[in-house]
Asker: 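Shown below is the structure under consideration.
If you're wondering where the values come from, they're calculated on a predicted model, not measured in any experiment.
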Amino acid sequence: MKFLEIISVVIASEAKQSHRGSDEITTGFFKTLVMTTLLVASPLLATPPLTRVHISQEHLSALVRYARNEALPEIDVILNPRDNLFTVRGKAKINLIKLIRPEAVNVEYENKAYPEGIPFEVSFKIEVLPLNFILLSFHRLQLFEGESTVVFYDKARHKGVLKSVFGFFQFFVEETKFRNLIVDRYEEVVLREEASQTSHQTESLDNVLRDQTLDPYHRISEKLIEFVEDAVKFKFKAGAFIGVLPHSSMSDVQVWNIEPIINTKHKFNALEVVLGLGSAPLKFLDDIHERRKEFETFSGWMEEKENPINFEQTISLLGLNNLMASFIPLINNQETLTLYEKGEASKFNEMSLQFNENNQLLFRMVTERKEEVHQSSSSWNPFSFEFWSGVTKIVTKEDILEIEGRLKAQKNNIVELELVGGDIKGFKFGKKTLKFFQIFADWIIPWIDDPKNDNEVLNKFVKIRLNDRKNLEVVLNSRMFSSAVDIIFYDYHLDFKNLSVTLTGEALFKIGKYDQSLLADLVDKTNEIQEEIYSKDALELNALLLHSDFTKYVYNPLIGIKNYYPKSTTTGLEAVMFVYTYSKLVQGLTTALEKLGADYNLSILETGVKGQKLFPLLAEYKEKYHRLNQEIIKEKTFWNALRYEDALQAEELYEASLRILN
């Protein structure tokens with residue numbers, strides 16, 4: 001119904017009540033009009049995003065480093081919230097012909113001046129357009145370094161699009177698999193518009209985008225990536241973020257914002273990604289615009305950040321319940337449904353949350369089961385001289401579980417719910433009857449999630465149990481969706497006003513395949529040097545140690561890689577990888593020193609490599625990870641599925657390191 005039609009209905013309704021005074025009629029009309037207007041307008045003004053994620057500079061650098069490969073041996077993304085700019089810098093093994101002519105056949109990289117890749121730096125802005133279209137406005141592309149530096153694209157001096165910029169963008173997209181986040185597939189043949197060819201060459205890009213009468217994309221709307229003036233436009237696959245949790249309400253997920261921001265609460269620069277249902281409302285866009293003004297005048301913090309938080313995510317109640325609803329198809333797998341049809345198991349129909357201003361949370365779960373019901377009792381049949389058998393019928397029954405409590409954050413991804421009351425299969429309990437909850441806990445909690453069984457589907461995400469204080473505990477799996485990252489949550493905050501929950505914590509990225517290959521190369525180099533030792537006499541060997549091939553080719557590169565991983569993930573894989581590499585280095589040094597004789601000074605080996613590097617890491621792995629990994633590798637379960645291979649590899653490296661050292 002249109003707004004004018006609503007007003008007409010209201011007027012007609014009020015007119016029927018004409019026996020009231022005219023002032024009363026007018027007041028009633030305006031009350032109804034105001035309420036109706038609020039109901040109509042509120043979805044546009046106050047629709048909250050599904051989720052808002054803040055990834056710190058530290059976290060983002062680790063994420064990008066994980067994606068490195070042979071073609072991009074060095075890469076980092078630098079956030080500049082004050083100027084709303086992203087800067088990508090690193091080294092790329094890209095043939096210059098391919099850079100300037102993207103359509104050219106790829107040629108193997110060869111550059112004697114830059115054997116490790118051409119140094120580059122590119123800066124750009126990101127603007128989110130409706131329907132998941134993203135616009136990258138390039139500001140600068142710099143290649144080489146020192147006196148050889150060449151600026152291929154500088155907005156201050158050049159107008160329009162240079163093919164070299166596109167060539168670099170295409171190279172980056174292909175090598176980092178960024179194309180997986182672009183709708184359907186990446187187009188090899190892309191329309192590139194030079195400024196001299198576009199009909200809007202004399203107008204700024206901002207004006208073109210804001211003038212709804214102009215459509216600069218009408219000729220190229222079928223393309224996934226194209227140039228318009230000095231920008232690249234492509235369609236982002238927002239569903240890639242939530243593809244692991246298919247749910248009908250998620251089909252209209254759109255990107256609302258991608259930009260560098262300043263997280264003033266936790267004192268870090270961050271990449272913000274905001275997803276919502278449908279297009280971003282005007283109020284949200286206005287808030288973003290006002291916030292950017294504040295960033296432009298930001299002068300820094302008075303004191304350094306001391307906490308380890310590098311990740312923050314806010315999820316709306318709608319998004320949280322959609323997330324929980326998305327778990328249901330995973331829990332109701334084929335095995336469960338088969339048992340349900342046999343009457344041997346329940347299936348889940350609903351899981352949802354509500355919360356209030358007192359930090360109280362209500363968890364509701366509805367399951368369904370099949371039950372055999374007797375409809376009549378046996379009785380005497382006078383015609384057949386026998387008893388009628390009772391009639392039975394299979395019916396479906398719902399079981400409802402509601403638990404109310406106060407949310408408390410604990411360490412190690414544990415959320416505690418201080419129980420206030422609830423309803424379990426019709427049995428209501430409150431604070432006075434809470435002590436009876438223990439009676440039901442022995443069979444209610446295993447019904448939801450058996451603490452002794454790690455092979456339940458729910459364990460991909462959480463574990464549910466009762467703690468010593470008789471409160472409900474939910475343990476979040478730090479590896480829910482990816483084997484590449486652990487997320488350790490430190491705090492949870494319910495916001496009743498905005499109906500959202502905010503989780504803050506630390507993201508730890510697993511050592512990437514490229515860095516693993518570099519460590520393997522260092523081990524190979526150590527073996528090569530060790531082989532050389534056997535063929536040298538004492539004088540040659542002393543010169544070898546003096547010139548320190550071990551230091552130049554193994555130790556220094558090893559320290560360089562280690563600096564990128566100050567903390568290990570939850571299996572300690574990173575720590576033990578460095579333990580193994582250090583052990584091989586110690587083995588090589590020991591072989592050399594033994595050949596030189598007992599009089600040679602061993603203090604450098606003992607204090608430098610063993611005492612300061614190897615032994616502390618070895619002790620860390622043994623104390624924090626060894627016993628945990630031994631438990632993990634006993635059986636691969638839903639709970640440890642994304643850790644299992646890492647734990648197995650870590651234990652193998654640990655045992656191998658001990659053999660080398662012994």
Asker: So L50 and V253, do their side chains get closer than 4.5 Å, heavy atoms only?
Answerer: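 A side-chain contact under 4.5 Å exists here.
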Asker: Which pair of non-hydrogen atoms, one from T571 and one from A647, has the smallest distance, and what is that distance?
Answerer: CG2-N, 4.1 Å
Asker: Could E74 and K93 be called an ion pair, given the rule that one side-chain N must be under 4.0 Å from one carboxylate O?
Answerer: no
Asker: Within a 6.0 Å radius of atom CZ on F298, are there more than 12 heavy atoms belonging to other residues, nucleotides or ligands?
Answerer: yes
Asker: Any side-chain heavy atom of I126 sitting closer than 4.5 Å to one from L136?
Answerer: yes
Asker: For residues F295 and P81, report the shortest heavy-atom separation together with the two atoms involved.
Answerer: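 Minimum heavy-atom contact is CB-O, 3.7 Å.
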Asker: Kindly compute the distance separating NZ (K235) from CZ (F133), expressed to the nearest 0.5 Å.
Answerer: 5.0 Å
Asker: Between R89 and D76, does any NZ, NE, NH1 or NH2 come within less than 4.0 Å of an OD or OE carboxylate oxygen?
Answerer: no
Asker: Check V128 against I258 and note the closest heavy-atom contact, atom names and distance.
Answerer: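 Closest heavy-atom pair between V128 and I258: CG2-N, 3.5 Å.
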Asker: Does T297 use its side chain to pair, donor to acceptor, with the backbone of E294 at less than 3.5 Å?
Answerer: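 Between the backbone of E294 and the side chain of T297 there is a qualifying donor-acceptor contact (under 3.5 Å).
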Asker: Please confirm whether the ring centroid of Y114 lies under 6.0 Å from the ring centroid of F144.
Answerer: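 Yes, they do, as the ring centres are separated by less than 6.0 Å.
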Asker: Can you find a pair of side-chain heavy atoms, one from K610 and one from F615, that are under 4.5 Å apart?
Answerer: yes
Asker: Do S568 side-chain atoms and A575 backbone N/O form a donor-acceptor pair below 3.5 Å?
Answerer: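 Between the backbone of A575 and the side chain of S568 there is a qualifying donor-acceptor contact (under 3.5 Å).
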Asker: Does any N or O in the side chain of N563 come within less than 3.5 Å of the main-chain N or O of I559, such that one atom is a donor and the other an acceptor?
Answerer: yes
Asker: Judged by atom type as modelled, is there a donor-acceptor pair below 3.5 Å linking the side chain of Q57 to the main-chain atoms of L79?
Answerer: yes
Asker: Carefully, step by step, assess Y490 and E506 under the rule side chain to side chain donor-acceptor pair (under 3.5 Å).
Answerer: CA-CA 8 Å; Y490 296 133; E506 183 177 17; 2.6 Å; yes
Asker: Distance from K584 atom NZ to T581 atom OG1, nearest 0.5 Å?
Answerer: 10.0 Å
Asker: So that I can tick it off, tell me whether E296 and K293 are bridged by a salt bridge, with the cut-off set at under 4.0 angstrom between side-chain N and carboxylate O.
Answerer: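 Salt bridge between K293 and E296, a charged N being under 4.0 Å from a carboxylate O: no.
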Asker: Does NZ or CZ of K525 lie under 6.0 Å from the centre of the six-membered ring of Y553, at an angle within 45° of the ring axis?
Answerer: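 Geometry flag: set, cation within 6.0 Å and 45°.
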Asker: Taking D83 for its side chain and L85 for its backbone only, find out whether a donor-acceptor pair lies under 3.5 Å.
Answerer: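 The answer is no, because no donor-acceptor pair under 3.5 Å joins these two groups.
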Asker: Looking at L131, is its backbone amide N or carbonyl O close enough to the side chain of Q254 to form a donor-acceptor pair, meaning the two atoms are under 3.5 Å apart?
Answerer: yes
Asker: Test side-chain contact (heavy atoms from CB on, under 4.5 Å) on T502 and H54; report intermediate values, then the result.
Answerer: CA-CA 11 Å; T502 298; H54 287 179; over 6 Å; no
Asker: Using a 4.5 Å cut-off on heavy atoms from C-beta on, say whether the side chain of T51 contacts that of T314.
Answerer: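 Not in contact.
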Asker: Which distance, rounded to the nearest 0.5 Å, do you find between the OG of S657 and the CE of M577?
Answerer: 11.0 Å
Asker: Assess whether side-chain contact (heavy atoms from CB on, under 4.5 Å) is satisfied between D286 and E290, documenting all intermediate values.
Answerer: CA-CA 6 Å; D286 289 341; E290 291 300 316; 5.6 Å; no
Asker: When rounded to the nearest 0.5 angstrom, what distance separates OG1 in T569 from CG in D486?
Answerer: 5.5 Å
Asker: Among side-chain atoms of Q530 and T526, is any donor-acceptor pair under 3.5 angstrom?
Answerer: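 Not at all, the side chains of Q530 and T526 share no donor-acceptor pair under 3.5 Å.
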Asker: What distance separates L585 CG from K613 NZ, expressed to the nearest 0.5 Å?
Answerer: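 Answer rounded to 0.5 Å: 11.5 Å.
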Asker: Please check if any side-chain donor atom of E645 sits under 3.5 Å from a side-chain acceptor atom of S483, or the reverse.
Answerer: no
Asker: Quick one, L614 with V586, criterion side-chain contact (heavy atoms from CB on, under 4.5 Å). Give me CA distance, side-chain angles, the key distance, then yes/no.
Answerer: CA-CA 9 Å; L614 173 57; V586 167; 4.0 Å; yes
Asker: Below 30° counts as parallel, above 60° as perpendicular, anything between as tilted: where do the rings of Y66 and F509 land?
Answerer: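 The arrangement is tilted - the two ring planes meet at 30° to 60°.
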Asker: Under a 3.5 Å distance rule, please check whether W256 uses its side chain to pair with a backbone N or O of G278 as donor and acceptor.
Answerer: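 Answer holds: yes.
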Asker: Using a distance-only test with no angle check, is there a side-chain donor-acceptor pair under 3.5 angstrom linking K513 and Q516?
Answerer: no
Asker: Are any of the side-chain heavy atoms of V485 and L508 separated by less than 4.5 Å?
Answerer: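 Contact flag for V485/L508 side chains = no.
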Asker: Stepwise, does the side-chain contact (heavy atoms from CB on, under 4.5 Å) test hold for I315 with L503?
Answerer: CA-CA 8 Å; I315 309 174; L503 304 92; 4.1 Å; yes
Asker: According to the interplanar angle, ranging from 0 to 90°, do the rings of F268 and H266 count as parallel (below 30°), tilted (30 to 60°) or perpendicular (above 60°)?
Answerer: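 Ring orientation of F268 relative to H266: parallel.
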Asker: If you look at every heavy atom in S482 and L642, which pair is closest and at what distance?
Answerer: N-CD1, 3.6 Å
Asker: If I compare all heavy atoms of Y565 with all of I561, which pair ends up nearest, and what's the gap?
Answerer: CD1-O, 3.4 Å
Asker: Applying the side chain to side chain contact (heavy atoms under 4.5 Å, CB included) criterion to D515, which one of E574, R65, K562 satisfies it?
Answerer: R65
Asker: Answer yes or no: is there a side-chain heavy-atom contact under 4.5 Å between L653 and V579?
Answerer: no
Asker: Between R68 (side chain only) and Y514 (backbone N and O only), is there a donor and an acceptor less than 3.5 Å apart?
Answerer: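 The answer is no, because no donor-acceptor pair under 3.5 Å joins these two groups.
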Asker: So which atom in N310 and which in A507 form the shortest heavy-atom distance, rounded to 0.1 Å?
Answerer: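 Closest heavy-atom pair between N310 and A507: OD1-N, 2.8 Å.
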Asker: For the CD1 atom of I309 and the OG atom of S56, what is their distance to the nearest 0.5 Å?
Answerer: 10.5 Å
Asker: Any side-chain donor paired with an acceptor under 3.5 Å for S123 and T87?
Answerer: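 Short answer, yes.
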Asker: Taking E312 first and then R52, would you say they form a salt bridge - that is, a charged N and a carboxylate O separated by under 4.0 Å?
Answerer: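 Salt bridge: no.
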Asker: Has D491 got a side-chain atom pairing as donor or acceptor with T504's backbone, closer than 3.5 angstrom?
Answerer: no
Asker: Is there a side-chain contact between R82 and R292 (heavy atoms, below 4.5 Å)?
Answerer: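 No. Closest side-chain heavy atoms not under 4.5 Å.
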Asker: Is a side-chain N or O of N269 found less than 3.5 angstrom from the main chain of N80, in a donor-acceptor match?
Answerer: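 Not a single qualifying donor-acceptor pair exists.
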Asker: I'd like to know if D287 pairs up with K283 as an ion pair, taking the criterion as any Lys NZ or Arg NE/NH1/NH2 lying under 4.0 Å from an Asp or Glu carboxylate oxygen.
Answerer: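 The answer is yes: the pair qualifies as a salt bridge.
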Asker: Would you call V88 and F124 a side-chain contact if the rule is heavy atoms closer than 4.5 Å?
Answerer: yes
